[in-house]
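Worksheet: the structure to be examined is printed underneath.
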Amino acid sequence: MNERTVVRIQELDGNATFSLESPPTYKLASRPCPLLSKPDKPPFCDLLNAVTSANFVRAAGRKLFDDLIQHSAVGEAMTQALRQTFEGCSPIHVRMDDDVSVAADLPWEAICNSDGDFL
């Protein structure tokens with residue numbers, strides 16, 4: 001099996017950030033990048049208000065995906081992982097530190113690529 005891609009979500013100075021934890025071979029992999037998605041902003045607040053149509057779920061998932069791929073190492077690693085599959089799955093994991101409160105309220109299970117395919 002190929003090495004899995006692990007995106008780490010952590011809190012630094014009161015703000016949610018993310019970086020590439022594995023594989024560490026990408027340039028600037030450990031550089032934290034601010035997570036711009038917020039649960040009280042669209043499209044996430046729509047889900048909190050019980051608007052759960054597939055379009056809203058996909059919009060939230062695409063927003064998370066788009067935020068993550070802005071980090072050069074995370075974007076490269078996720079693109080590479082999506083090209084590989086093992087038993088129909090790409091080895092992408094999101095690991096959240098215990099102290100990350102805002103990011104914990106985001107619908108990580110809804111992450112999907114720009115084509116709307118759920119990861």
Side-chain angles (χ1 to χ4, degrees):
M1 186 168 136
N2 297 317
E3 185 172 10
R4 61 190 176 149
T5 298
V6 180
V7 178
R8 179 181 181 197
I9 311 294
Q10 61 186 341
E11 195 161 310
L12 295 174
D13 299 324
N15 297 305
T17 65
F18 65 96
S19 60
L20 183 66
E21 183 172 287
S22 178
T25 54
Y26 289 90
K27 185 177 180 180
L28 302 174
S30 63
R31 176 183 55 92
C33 186
L35 183 64
L36 301 177
S37 292
K38 306 287 184 224
D40 61 342
K41 303 288 183 211
F44 309 107
C45 61
D46 297 323
L47 296 176
L48 292 174
N49 293 321
V51 179
T52 56
S53 76
N55 290 337
F56 283 102
V57 174
R58 277 194 169 82
R62 277 194 300 269
K63 172 72 169 115
L64 287 169
F65 183 82
D66 290 345
D67 282 358
L68 293 177
I69 64 171
Q70 295 307 308
H71 186 293
S72 61
V74 171
E76 287 181 50
M78 286 180 67
T79 299
Q80 184 64 26
L82 289 171
R83 289 186 188 131
Q84 308 165 19
T85 58
F86 178 75
E87 296 180 0
C89 297
S90 296
I92 299 174
H93 303 268
V94 175
R95 184 175 76 79
M96 198 169 307
D97 287 3
D98 290 337
D99 63 347
V100 182
S101 57
V102 172
D105 292 334
L106 293 168
W108 294 101
E109 67 277 9
I111 293 179
C112 60
N113 64 19
S114 57
D115 294 330
D117 298 324
F118 293 105
L119 306 188

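None of these values were measured; they are calculated from a predicted model. In this chain, numbering begins with 1 at the start of the sequence shown.
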Query raised in the report: Would you say the side-chain atoms of D115 pair up with the backbone N or O of D117, donor to acceptor, closer than 3.5 Å?
Result: no
Query raised in the report: How far apart are the closest heavy atoms of Q10 and P32, and which atoms are they?
Result: NE2-CB, 4.4 Å
Query raised in the report: Is there a chain of hydrophobic side chains (I, L, V, M, F, W, Y, each step under 4.5 Å between heavy atoms) that links L68 to V6?
Result: no
Query raised in the report: Is D98 atom CG crowded by more than 12 heavy atoms from other residues, nucleotides or ligands, each under 6.0 Å away?
Result: no
Query - Distance (rounded to the nearest 0.5 Å) between N55 CG and D46 CG - result: 11.5 Å
Report summary line: Heavy-atom closest pair (A77 atom, T5 atom, distance to 0.1 Å) is O-OG1, 3.6 Å
Query raised in the report: Which atom pair, heavy atoms only, marks the closest approach of S22 to R4?
Result: OG-O, 3.4 Å
Query raised in the report: Within the distance-only criterion (no hydrogens, no angle test), does the side chain of R8 pair as donor or acceptor with the backbone N or O of E21 below 3.5 angstrom?
Result: no
Query raised in the report: Is the backbone of P39 close enough, under 3.5 Å, to the side chain of D105 for a donor and an acceptor to pair up by distance?
Result: no
Requested in this report: Output, in order, the C-alpha distance, side-chain angles, deciding distance and verdict of side chain to side chain contact (heavy atoms under 4.5 Å, CB included) for I92 and I111.
Outcome: CA-CA 11 Å; I92 299 174; I111 293 179; over 6 Å; no
Query raised in the report: Going by heavy atoms in the side chains, are I9 and E11 under 4.5 Å from each other?
Result: no
Report task. May I have the step-by-step check of side chain to side chain contact (heavy atoms under 4.5 Å, CB included) for F118 and V57, ending in yes or no? Result -> CA-CA 10 Å; F118 293 105; V57 174; 4.0 Å; yes
Query raised in the report: Is there a donor-acceptor pair closer than 3.5 Å between any side-chain N or O of S19 and the backbone N or O of R31?
Result: no
Requested in this report: Report whether V7 and V102 are members of the same hydrophobic cluster (ILVMFWY, side-chain heavy atoms less than 4.5 Å apart, transitive linking).
Outcome: no
Requested in this report: Would you check, one step at a time, whether the test side chain to side chain contact (heavy atoms under 4.5 Å, CB included) holds for L119 with M78?
Outcome: CA-CA 10 Å; L119 306 188; M78 286 180 67; 4.1 Å; yes
Query raised in the report: Do C33 and T17 have side-chain heavy atoms sitting under 4.5 Å apart?
Result: no
Query raised in the report: Donor-acceptor pair, W108 side chain versus L64 backbone, under 3.5 Å?
Result: no
Query raised in the report: Take atom NZ in K38; do more than 12 heavy atoms of anything else shown fall under 6.0 Å from it?
Result: yes
Query - Test item: L35 and L106 side chains (from C-beta on) under 4.5 Å apart, heavy atoms - result: yes
**Report entry** Shared hydrophobic cluster for F65 and L47 (ILVMFWY, side-chain gaps under 4.5 Å)
**Finding:** no
Query raised in the report: Could you state the interatomic distance from CD (Q70) to CZ (F18), rounded to the nearest 0.5 Å?
Result: 7.5 Å
Query raised in the report: Minimum heavy-atom separation for A103 to A16, with atom names?
Result: CB-CB, 4.2 Å
Requested in this report: Quick one: do S72 and K27 satisfy side chain to side chain contact (heavy atoms under 4.5 Å, CB included)? Show the steps, please.
Outcome: CA-CA 8 Å; S72 61; K27 185 177 180 180; over 6 Å; no
